[in-house]
Every structure is written in structure tokens, then in C-alpha cells.
Peer 1: 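Let me give you the structure first, and then I'll get to my questions.
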Amino acid sequence: MQLVSKMFGRTLREAPSDAEMACHVWLARAGLIRRLATGLYAVQPMGHKALKRIEAVIRQEMEAIDGQELSLPLVQPAELWEKSGRYNLIGSELVRFKDRGQHPMVLAMTHEEAVTQVASEELSSHRQLPFMLWQFQLKFRDEPRARGGLIRVREFTMKDAYSFHKDQECLDEYYQRAYDAYVRIFRRCGIEPVIVQSDTGIMGGKVAHEFMLQSPMGEDSLILCPETGYSANAEIAVFAREGIPGEELPMERVATPGKSSIDDVAKLLGVEARNTLKMVMYGAEIGDKTEFVAVAIRGDLDVSETKVKNALKARVVFAATDDMIRAAGLVPGYASPIGMKGGILLVDLSVPVSANLVAGANEAGFHVKNVNYGRDFTVAGPFSEPVDVAQAAEGHLEINGVHRLKAVRGIEIGNIFKLGTKFSEALGCTFQAEDKTTRPAVMGCYGIGVGRLLASVVEDSHDDNGIVWPKEVTPYHVHLVALGQGELLDDCVKLAKELEAAGFEVLLDDRDERPGVKFKDADLWGIPVRLALGGKSREQGAFEWKERKAGSEMRLVKATEIVEQVEAFYKG
RNA sequence: CGGGAUGUAGCUCAACUGGUAGAGUGCCUGCUUUGGGAGCAGGUGGUCGCACGUUCGAAUCGUGUCAUCCCGACCA
């Protein structure tokens, strides 16, 4: 048993001033985490216990889908990352350094390279496939912006799993098993995940899902359609454009002095934002070239940079500078697709279905009315037709044009990804197939940030007084509160030993403190079952049984029946 | 990397117009108290982030720097 009087870590009466999110406040106030530096946290003993419970759940589920646990190094030779092409692809979030022999090294931010390298050394025959390797391992990502306590940190433990298959079909089948295992993991942690399709980027994969905790504090925007079941991260969500039909009118140049924003222009001309055409300009690194890219999109929509990046197969897109814009013959604030010279012009699907838009005139202080796609301009560059580069939002039509989409926020707590053969090809992870050909393994990867999941559990399960642990991940099963010393405390120790003999972990508050202090701390720590022993209950040979969850009533339970009832509670 | 803000006791925060450091809480001691963060008394605890400058004198003004937080950009 853990005696509170001896437990390292104390509770705080007030939240640290840097705590914004509820999970950060309660983890800090309960003494489970302490900040060491930006994005770097110490997890104190009680927090560590909860982490280990979460890991145990994950380990069970990984074993249930035939995963084999291993351990790969955090420090890796840069060479490995050069082989996969990510050494130069990834920016400064990848920490690079040299060891004493001046060899370039990195701190791994994920382990695809290492696991593929290791697999390639063992794999030779299709008979060995499929297999799945996984680990709990540190990752280091020098995030430009850590936030939310454990929600977004720089160093963290991730459960990362990698599966290897002889073909796509086998991967597809396994992917579904991993998907189901993920649902079980989160439910056992008390979270009902929202599952969305997610960006696969240029990593070579085609299908990926993110598991989200729905929360207004989430960093991601999710698009859901309750009627059709469609769900996707907003950055890739598809939707039907509502057109603006009309007979094409002659273009007309109008003065709009000092009005360069969509809202200002629309107001001045007495039209809606949806009747305008806006140009959003980017620089894009494609291959080893930097290209100027202009996106023409209807004024009521926002550009999804993820979609732009994917459409262009670009590594990076960034906001274009005024110089780049002028070099393409465009006037910042009054840019128009008509008269653009050079570069790539992407046109969103919203543009061709909308008649007589107001666009810039490529001349400061002027716009042009009644601009129509096809008649007045078309796409330029590698694309022959308009593409989907708009960000979906609340109220848009789902792709079939029948139902309205909903938007919610979410915290990403896990992802699964059909990687394909990108890494196995790059690192030579091949095998001999039945037909004697040599083929690269088809891979999938599956990640869960353990610390972020811990924080998400708390974010999802707390009240005004502290944490409310779900049964499966609570750091202790029973919190015994001794409201006195001497024989009364002896009785508590006796019960604690009985509970431990039955396999439960017990926290015993043996401090010589007033009851109020103990109850306040009990609420902060949030152990599901609190058993208090005071003078009155002791006379009746009973403990006061109080559950942490909302609305539970206190009741007396005879000391002799406690173990049985705790067993029933945790089985139920 | 842009925009905004903040750095004073372990924690949360005060300190006017420049005059030499405060409260609450925590921690230690004693007495009283003992069912929802007790009361009284005494005590502990700070190079006012750091550097330079202005000044007779700087927590306070200026410059620089570092750190932290928020918004955005970024996020295999």
C-alpha cells in the first residue's frame, strides 16, 4: 500500500498560472505532473502509476492482435533517415547532432526507419509474413509550440506499432484488426473515440484514420455527417459545392479604392462573400524547386493548405511574399487569375459552378465584376481542370449534396496508417514471394501517444473538484481515508492488507490532518472508490463507501464485506 | 517564424509619481481544534529572470537578452 504521508508529490491549492486546459490544471493540482521546461514534464509517482495502467491496457490489446513487443533506440544514425529521404524533408523538429566521432545522429521522432531496417535484416521469405512489431518508446520532436501540459509536448512515450505484409490485401485485413483494437483501447480508458479519415500526406500511404477525443479544446477540426456516417479531418474532408447559377454577364471594371479584403469589397458592391473570387498565394517546394502557386477560390470558402500540398505533391507550402506575387504579374490585395504570368494557378471546384463573381483587377483600387471561369480564365500549370482545395466547414453539404455537415473539435489520441511500401523500398525490406519474385513488404503503422492519452482521459473525465479516474486506468483501486490515528489507523492498515491480498492497489491516507484536507485531496486524486473510517463508522464495524463519480451516495459497508464489494465493483 | 502578453517567496499574486520588499497560501515550532482545504502566536522563505545604461538612488525608467504563456504559421 502507498501511505499518503510517505508519497512523493503534493497537491496544489491553485492551478499553476500556465495551465490552460482542464487536464493540465488537474494533473498539476493533483501533483501528477510537474513542468521541467517547455514541453518537458516530470511524471510523478501517482501519474506514473496511471501511465502504467494505460500501458497495460495497450499491451493486452497489442498482444491480442499478435503484436510482438520490442525496443528500438531513440538515438539513431542520420544515415538511416537519409535513406528514407526524411532527413532533408523534415525541418527543425528533428533534432540533429553529432556524436564524439563526429557521426551525424538524430533523435528519433518516430521509428519507421529503425523498425524497417531491423525487419529487413530478418525478413527473407513470404512464409515469415505477416508480423507486427511494436514498442513503448520515447520520441523527441522539437515542437515549435508545446501546449496544454501533456497534450502537446516535445519528448513523449509513444506506443508505435508496425505491421509487415506480403500484399495489400493482407494489410487491409490487418488494418481492420488494428482499428478494432484501437476502439477497445480507448473505450477501456473511458473514452468513446470519434474516428475520422485523415491526411496521408506525401508519405506514400493512401488510407489513414485518426482516433479523436471530441473536445472544444482540441487542436483539430473534424467534419462529421451523422446521416451518412462520413467523418474526416477538416483539412481533407470533401464536400459538395453549392453553385451560383446565372447567365454570364459582360465583365465590368469598378473602382474599389482602399478595399482589398473580401468583406470590404462585398460590402461596397452590395454582394455576398460567395459572389466574390479570392486569390490565395503560396510558395510551394515541389521536388527541388520552389514554385509560385495561386489558388482561385470563392470568397466564402477557405483554402485547405493540406489539400493544396497534396494536389501539388509538394513537401511544403508557405504564404507567398509580395515580391513573389508581383513577379507573377499580380497586385497584392487586388490579385486576379486574369493576367497571371507564370506559376501554377489552382482553381477550386467552387469557382466553375459560380457565375459572375467579383474578382480583383490586378490593379490597385479596382475590381472586376462578372468574372466567369472558362470564359475569362482557366487553370494554368500542370492541372487541366479545377481541383478540390477548399476546407470543409460546418453547414456545408456532404459530397452527395443531401445532408449538412457538422464541425466539432478533437484531440488526436491515436492514428493508424496504411504506409504501403515507401519505407520497405527505401530501406530494402524485401522478401521472396511464392512466385520467386523479390518484393518489398507492405506496411502499416499504428501510434498512440501514451502521455497524451493520459491527459485526454483526464480532460474527458473530471469535475470541479478534480480527476475522476475510469476504473481501468486509475492509479489505485481503493483510497482508504483514516480519520484518526491509533487503533483506527490499525484497522485501515488491516483492511488495506486484505485488499492487497485480493489483488487491489491501495492508497492509504494516514496523515494527521483534518478530514476536510483529506477529502479535498481524495477528490483531486479521483480514485474510483473512497473508503473512509471515522469514530462513528468504526463503532459499527463499517467503512464509509463513496464512489468518486458524480451523483454517487455514501453508504456504510461492513469491514468484512469490503473485499467482496470491491471485487464486484471492479468486475462490474 | 510573425502578433500579443508576462517574468517579484515553493505556488497564486500586490507594491502609486524612482526612495532600498509585501499579502495569501505552503513549509517549520507551540497551543487550541478535529467530518469538506481550521484558529491564534511565533518563525522560515526573494541577487525583484539576466546584462548594460540613466540616476544621489531602480522591482519601478531605457536598451538588449533570456525565459514563459496565449493567438497564428508549423505539426511523420
Side-chain angles (χ1 to χ4, degrees), chain A residues 9-21 24-25 28-29 31 34-40 81 84-87 89-94 106-116 139-149 151-154 156 158 160 162 198-205 208 210 217 219-220 233 235 282-283 305-306 309 315-319 321 412 415-417 419 422-423 443 445-447 449 452 464-466 481-485 488 509 511-524 530 532-538 544 546 554:
Chain A
R10 67 162 134 211
T11 56
L12 303 177
R13 284 189 184 232
E14 286 168 293
S17 57
D18 60 356
E20 195 80 1
M21 293 179 71
H24 189 185
V25 168
R29 282 198 57 191
R34 291 289 183 256
R35 197 184 71 89
L36 220 63
T38 301
L40 299 171
W81 288 67
S84 73
R86 292 208 285 193
Y87 190 74
L89 194 64
I90 297 171
S92 49
E93 58 269 37
L94 177 65
V106 303
L107 293 183
M109 40 194 296
T110 171
H111 282 77
E112 279 86 7
E113 282 83 358
V115 79
T116 308
K139 315 286 176 221
F140 192 91
R141 301 179 185 181
D142 201 354
E143 292 281 351
R145 196 175 159 211
R147 63 180 285 265
I151 289 292
R152 177 169 289 273
V153 292
R154 296 193 293 169
F156 58 98
M158 178 180 257
D160 47 324
Y162 308 90
S198 66
D199 183 34
T200 56
I202 54 169
M203 292 313 299
E210 288 168 339
M217 298 302 289
E219 297 180 282
D220 288 278
N233 195 306
E235 61 185 13
Y282 297 98
E305 287 186 13
T306 302
K309 204 154 94 175
R315 287 184 311 181
V316 184
V317 298
F318 55 92
T321 62
E412 184 186 338
N415 65 27
I416 59 176
F417 195 147
L419 277 177
K422 178 188 164 69
F423 289 93
M443 294 173 59
C445 70
Y446 318 87
R452 182 185 283 186
D464 292 343
N465 297 310
V481 180
L483 297 172
Q485 303 286 308
L488 190 150
D509 197 341
R511 293 175 298 177
D512 185 16
E513 282 286 356
R514 296 167 59 87
V517 174
K518 296 188 173 189
F519 291 141
K520 283 289 185 188
D521 282 345
D523 287 345
L524 275 173
R530 186 188 84 192
L533 186 65
K536 284 175 192 160
S537 48
R538 184 161 180 268
E544 293 164 20
K546 176 91 165 58
M554 193 263 277

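Residue numbers begin at 1 in each chain, while the letters A, B, ... track the order of the sequences.
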Peer 1: Remember a base hit wins even if backbone is also touched, and classify R10(A) as base, sugar-phosphate or nothing at under 4.0 Å, heavy atoms.
Peer 2: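 Counting heavy atoms under 4.0 Å across all strands, the contact made by R10(A) is with sugar-phosphate only.
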
Peer 1: Check for a donor-acceptor pair, side chain of R141(A) on one end and backbone N or O of M109(A) on the other, with a separation under 3.5 Å.
Peer 2: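 Here the side-chain-to-backbone pair exists.
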
Peer 1: Rounded to the nearest angstrom, tell me the gap between atom CZ in F417(A) and atom P in A76(B).
Peer 2: 9 Å

Peer 1: Say we look at G22(B) and C56(B): how far apart would their C1' atoms be, to the nearest angstrom?
Peer 2: 26 Å

Peer 1: If we ignore hydrogens and angles and just use 3.5 Å, is the side chain of Y162(A) paired with the main-chain N or O of H111(A) as donor and acceptor?
Peer 2: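 Flag set: sc Y162(A) to bb H111(A) pair under 3.5 Å.
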
Peer 1: Pick base, sugar-phosphate or nothing for N415(A), based on heavy-atom distances below 4.0 Å to the nucleic acid.
Peer 2: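 Here N415(A) touches the bases of the nucleic acid.
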
Peer 1: Verify whether one side chain among T11(A) and D521(A) offers a donor that lies under 3.5 Å from an acceptor in the other.
Peer 2: yes

Peer 1: Go ahead and name the base partner of G7(B); Watson-Crick or wobble counts if both distances stay under 3.5 Å, otherwise write none.
Peer 2: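 With both distances under 3.5 Å, G7(B) matches C66(B).
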
Peer 1: Determine the interatomic distance between C1' on G7(B) and the same-named atom on A14(B); round to the nearest Å.
Peer 2: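 The same atom, C1', in both gives a distance of 15 Å.
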
Peer 1: Measure from CG on L94(A) to P on A76(B) and round the result to the nearest Å.
Peer 2: 12 Å

Peer 1: I want to check one thing: is the phosphate of C74(B), taken as OP1 and OP2, less than 4.0 Å away from some side-chain N or O of K309(A)?
Peer 2: no

Peer 1: Pick the P atom in A73(B) and in G2(B), then give their distance to the nearest Å.
Peer 2: 15 Å

Peer 1: 5'-most contact on RNA chain B: M158(A) or G148(A), nearest heavy atom basis?
Peer 2: G148(A)

Peer 1: Applying a 4.0 Å non-hydrogen cut-off, can you work out what M21(A) is touching in the nucleic acid: base, sugar-phosphate, or nothing?
Peer 2: nothing

Peer 1: Closest heavy-atom contact between A522(A) and R530(A)?
Peer 2: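 So the minimum-distance heavy-atom pair works out to CB-CD, 3.8 Å.
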
Peer 1: So which one's nearest nucleotide on RNA chain B is more toward 5', R152(A) or R35(A)?
Peer 2: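 Looking at RNA chain B, the more 5' nearest nucleotide goes with R35(A).
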
Peer 1: Could you tell me how far apart D18(A) (CG) and C11(B) (C1') are, to the nearest whole angstrom?
Peer 2: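 Atom CG in D18(A) sits about 11 Å away from atom C1' in C11(B).
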
Peer 1: Who does A38(B) pair with, Watson-Crick or G-U, both distances under 3.5 Å?
Peer 2: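 Per the H-bond distance test, U32(B).
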
Peer 1: How many whole angstroms separate atom CG of L488(A) from atom C1' of U34(B)?
Peer 2: 13 Å

Peer 1: I need the CD-P distance between E235(A) and C74(B), as an integer number of Å.
Peer 2: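 Nearest whole value for this atom pair: 10 Å.
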
Peer 1: Over all heavy atoms of both residues, which pair between L12(A) and A28(A) is shortest? Give the atoms and the distance, please.
Peer 2: CD1-O, 3.8 Å

Peer 1: What closest approach, in Å, do E112(A) and C445(A) show between heavy atoms, and which atom pair accounts for it?
Peer 2: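 Where E112(A) meets C445(A) most closely, the heavy atoms are OE2-SG, 3.6 Å.
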
Peer 1: May I have the distance from E20(A) (atom CD) to U12(B) (atom C1'), rounded to whole angstrom?
Peer 2: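 Distance check: E20(A) CD to U12(B) C1' gives 16 Å.
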
Peer 1: What are the two closest heavy atoms between A482(A) and K518(A), and how far apart are they?
Peer 2: O-NZ, 2.5 Å

Peer 1: If I compare all heavy atoms of D160(A) with all of K139(A), which pair ends up nearest, and what's the gap?
Peer 2: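 Where D160(A) meets K139(A) most closely, the heavy atoms are OD2-NZ, 2.8 Å.
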
Peer 1: Between atom NE2 in H24(A) and atom C1' in C11(B), what is the gap in whole Å?
Peer 2: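 Rounded to whole Å, this separation is 13 Å.
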
Peer 1: If you compare every side-chain N and O of S17(A) against the phosphate oxygens of C69(B) (OP1, OP2), does one of them come in below 4.0 Å?
Peer 2: no

Peer 1: Does any nucleotide pair with U47(B) by Watson-Crick or G-U wobble geometry, both distances under 3.5 Å, and what is it?
Peer 2: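 Paired with U47(B), as far as the under-3.5 Å criterion goes, is no nucleotide at all.
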
Peer 1: Without decimals, in angstroms, what is the distance between E143(A) CD and C74(B) P?
Peer 2: 13 Å

Peer 1: Going 5' to 3' along nucleotides 35-41 of chain B, which nucleotides have protein heavy atoms under 4.0 Å from the base (write B), which only from the sugar-phosphate (write S), and which from neither (write -)?
Peer 2: BBBB---

Peer 1: In the structure shown, which nucleotide is the Watson-Crick or G-U wobble counterpart of G2(B), with both distances under 3.5 Å?
Peer 2: C71(B)

Peer 1: Taking atom types as they are modelled, would you say the side chain of R141(A) forms a donor-acceptor pair with the base of C75(B) within the 3.5 Å cutoff?
Peer 2: no

Peer 1: Rounding to an integer number of angstrom, what distance separates U44(B) and U29(B) when you compare their P atoms?
Peer 2: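 Here U44(B) and U29(B) have their P atoms 14 Å from each other.
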
Peer 1: Taking atom C1' in both A23(B) and A9(B), compute the distance separating them and give it to the nearest angstrom.
Peer 2: 11 Å

Peer 1: Does G19(B) have a Watson-Crick or wobble mate here (both distances under 3.5 Å), and if so which one?
Peer 2: C56(B)

Peer 1: Identify the two heavy atoms, one from R10(A) and one from R34(A), that lie closest to each other, and give their separation to 0.1 Å.
Peer 2: O-NH2, 2.7 Å

Peer 1: Please measure how far the C1' atom in C61(B) lies from the corresponding atom in A67(B), and state the result in whole Å.
Peer 2: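 Taking atom C1' in both C61(B) and A67(B), they lie 22 Å apart.
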
Peer 1: Can you check the distance between U20(B) and G39(B), where both ends of the measurement are the C1' atom (answer in whole Å)?
Peer 2: 35 Å

Peer 1: If we take the C1' atom in both G53(B) and G37(B), what is their distance in whole Å?
Peer 2: 48 Å

